[in-house]
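Read the structure below first, then the notes.
The structure presented is a predicted model; accordingly, all values stated were derived computationally and were not measured.
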Amino acid sequence: MKRSNVAFLACPLCHGALEVAADNGDEYITQGALRCTHCATIYPIEKRMANLIPLQSTEVHKLREMQGWVNLWEKKGMYANPTTFHSVSLPFIGGMWTEVGAMFVMALETLHLTGQERILDIGAGQGWASRYFAAKGCHVFATDIVEDESYALGRAWAIMDHAGVYFEPMLADGERLPFPDGQFDIVFTSAALHHFVEQGPFLSQAYRVLKPGGRMMVSNEPAIPIFADEAAVTDPMEELEVGIVERRPKVYEYVRSIHKAGFVEVTMDTFATSRATPEQLRAWHLATRPELTLVARPRLRPLIWMICTRLVL
């Protein structure tokens, strides 16, 4: 990790300042440790990356998920022939990533980055989004709970080397962020919010580390219809078998949790409607109304029918 970035960190347990307790003496610390000046907790630095996850207070389900991702990749045979090609091309590799890439382009356009922003990328995976933020000149920290060198945050170094940029990858829990209050202009997360058992603690942490007037961009999150049974949707998922948390909240649950965390202005949209003209929006409403009313009619016909009708007026 970059020595100068220690000044932006805080103990995830007590938010006390961190100091370098042991290191190799260079500008970039490859091996060493950080120590909290308040509670004296030690956090190791290994393979150039700080581990700021307080394992002694981490929930069992989260420890299971850390290993669960590796188990899933092994189950899928992804370690048979790993290459850096896909890693350095993310998220623009097509297939299941097509919509992720398109939504990320929309996110970049919406954020209007100047290069002066300090950005926190939570649930960063391999650090693919951080790479593009850093390329624009932003000061970026990328956090995740999985350090795997082929498909998780350990891959960040290959991505940085390829792109000629630097961002700070570190292992950290989204519910115990290792930063003081009011540090970031932007908090970004893509397809990570639905991996928390409860949205509230994570969103409250994101709100805490944002500067006044800061923004949070949540991209590529799945949601289910208002009358759908979440368990029926998630139970068949193979991720659950290996210990990965998979949630499928309803849209109103996202909105409620975001407001409860303290955020004031909340804008939500779908990939299909974000750039639509009024005529295209009307066509979309007309196309989706039959499906929506088929679900709604048997449950709450008078009220829902009225709401669905009003959508297209």
Side-chain angles (χ1 to χ4, degrees), residues 1-59 62-63 65-67 69-70 87 118-131 133-134 138-161 163 165-184 186-189 192 195 202 205-206 208-210:
M1 74 172 300
K2 198 171 185 179
R3 184 182 299 274
S4 59
N5 280 335
V6 176
F8 298 97
L9 304 180
C11 175
L13 292 174
C14 71
H15 299 165
L18 295 179
E19 63 181 8
V20 178
D23 66 280
N24 52 292
D26 298 327
E27 178 187 1
Y28 293 91
I29 305 172
T30 56
Q31 294 286 129
L34 301 174
R35 179 177 55 231
C36 176
T37 59
H38 183 261
C39 69
T41 301
I42 298 293
Y43 300 97
I45 302 173
E46 298 175 345
K47 299 179 182 179
R48 299 180 284 179
M49 189 185 305
N51 186 340
L52 292 160
I53 299 175
L55 295 178
Q56 69 273 24
S57 59
T58 297
E59 299 86 348
K62 201 163 293 181
L63 295 172
E65 179 155 4
M66 292 176 193
Q67 183 60 41
W69 285 104
V70 176
S87 297
R118 190 179 303 147
I119 300 178
L120 173 60
D121 181 5
I122 303 176
Q126 299 181 39
W128 56 265
S130 293
R131 168 254 184 102
F133 296 145
C138 300
H139 187 186
V140 187
F141 292 80
T143 67
D144 205 290
I145 62 172
V146 186
E147 63 178 330
D148 184 81
E149 294 183 348
S150 295
Y151 296 104
L153 204 52
R155 199 61 148 176
W157 305 106
I159 291 175
M160 285 188 272
D161 289 343
V165 300
Y166 187 85
F167 55 88
E168 193 65 70
M170 58 181 59
L171 296 172
D173 179 0
E175 295 180 340
R176 297 181 180 89
L177 292 176
F179 304 99
D181 296 357
Q183 281 291 302
F184 295 95
I186 294 168
V187 169
F188 175 83
T189 180
H195 289 304
F202 164 70
Q205 282 286 295
R208 179 184 67 80
V209 301
L210 276 171

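E147 is linked by a salt bridge (charged side-chain N to carboxylate O under 4.0 Å, His left out) to nothing, counting only residues two or more places apart in sequence or in another chain. In this structure D181 satisfies the salt bridge (charged side-chain N to carboxylate O under 4.0 Å, His left out) test together with R208, sequence neighbours excluded. Every residue was checked against the side chain to side chain donor-acceptor pair (under 3.5 Å) condition with T41, not counting sequence neighbours, and none meets it. Partners of Q126 by side chain to side chain donor-acceptor pair (under 3.5 Å), not counting sequence neighbours, listed by chain and number: S87. Legend: residues meeting side chain to side chain donor-acceptor pair (under 3.5 Å) with E59, ordered by chain and number and at least two apart, are R176.
Within the 4.5 Å cutoff, side-chain heavy atoms of V20 are placed close to those of L34.
By the 30° and 60° cut-offs, the orientation of the rings of W157 relative to Y166 is tilted.
In terms of heavy-atom proximity, L153 sits nearest to A124 at CD1-CB, 4.3 Å. Across all non-hydrogen atoms, the minimal contact from H139 to F8 is CE1-CE1, 3.4 Å. Minimum heavy-atom separation, V6 to L18: CG1-O, 3.7 Å. A pairwise comparison of heavy atoms in I159 and W128 identifies CD1-N, 4.4 Å as the closest pair. Minimum interatomic distance between I145 and D173 (heavy atoms only, all atoms of both residues): CG2-CA, 4.1 Å. When all heavy atoms are compared, the tightest approach of G123 to D144 is C-OD2, 3.2 Å.
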**OP:** For E168 and L9, run side chain to side chain contact (heavy atoms under 4.5 Å, CB included): C-alpha distance rounded to whole Å, both residues' side-chain angles, the deciding distance at 0.1 Å, then the answer.
**Re:** CA-CA 11 Å; E168 193 65 70; L9 304 180; over 6 Å; no
**OP:** Could you check Y151 against V146 for side chain to side chain contact (heavy atoms under 4.5 Å, CB included), going step by step and ending with a plain yes or no?
**Re:** CA-CA 9 Å; Y151 296 104; V146 186; over 6 Å; no
Original post:
Between Q183 and L120, does a side chain to side chain contact (heavy atoms under 4.5 Å, CB included) hold up when you go through it step by step?
Top reply: CA-CA 9 Å; Q183 281 291 302; L120 173 60; over 6 Å; no
Original post:
Run the side chain to side chain contact (heavy atoms under 4.5 Å, CB included) check on L13 and S57 step by step: do they pass?
Top reply: CA-CA 9 Å; L13 292 174; S57 59; 3.4 Å; yes
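Distance check, rounded to the nearest 0.5 Å: CD1 of I122 to CZ of F184 gives 8.0 Å. Note that the NE2 atom of H195 and the OG1 atom of T189 stand 9.0 Å from one another [nearest 0.5 Å]. To the nearest 0.5 Å, atoms CD (E175) and CZ (F202) are separated by 9.0 Å. Between C11 atom SG and F179 atom CZ the span is 12.5 Å, to the nearest 0.5 Å. Atom CG of N5 sits about 4.0 Å away from atom CZ of F141, to the nearest 0.5 Å.
In this structure, the ring of F167 has its center no less than 6.0 angstrom from the ring center of F133.
Here the side chain of N24 pairs a donor or acceptor atom with the backbone of T30 at under 3.5 angstrom. With S130 contributing its side chain and V140 its backbone, the two residues share no donor-acceptor pair below 3.5 Å.
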Name the atoms and distances for all side-chain donor-acceptor pairs under 3.5 Å in residues 43-54, with sequence neighbours left out.
unit_1: K47; atom_1: NZ; unit_2: E149; atom_2: OE2; d: 3.4
unit_1: N51; atom_1: OD1; unit_2: I53; atom_2: N; d: 3.1

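The pair E27-R3 fails the salt-bridge criterion, with no side-chain N (NZ, NE, NH1 or NH2) lying under 4.0 Å from an Asp/Glu carboxylate O.
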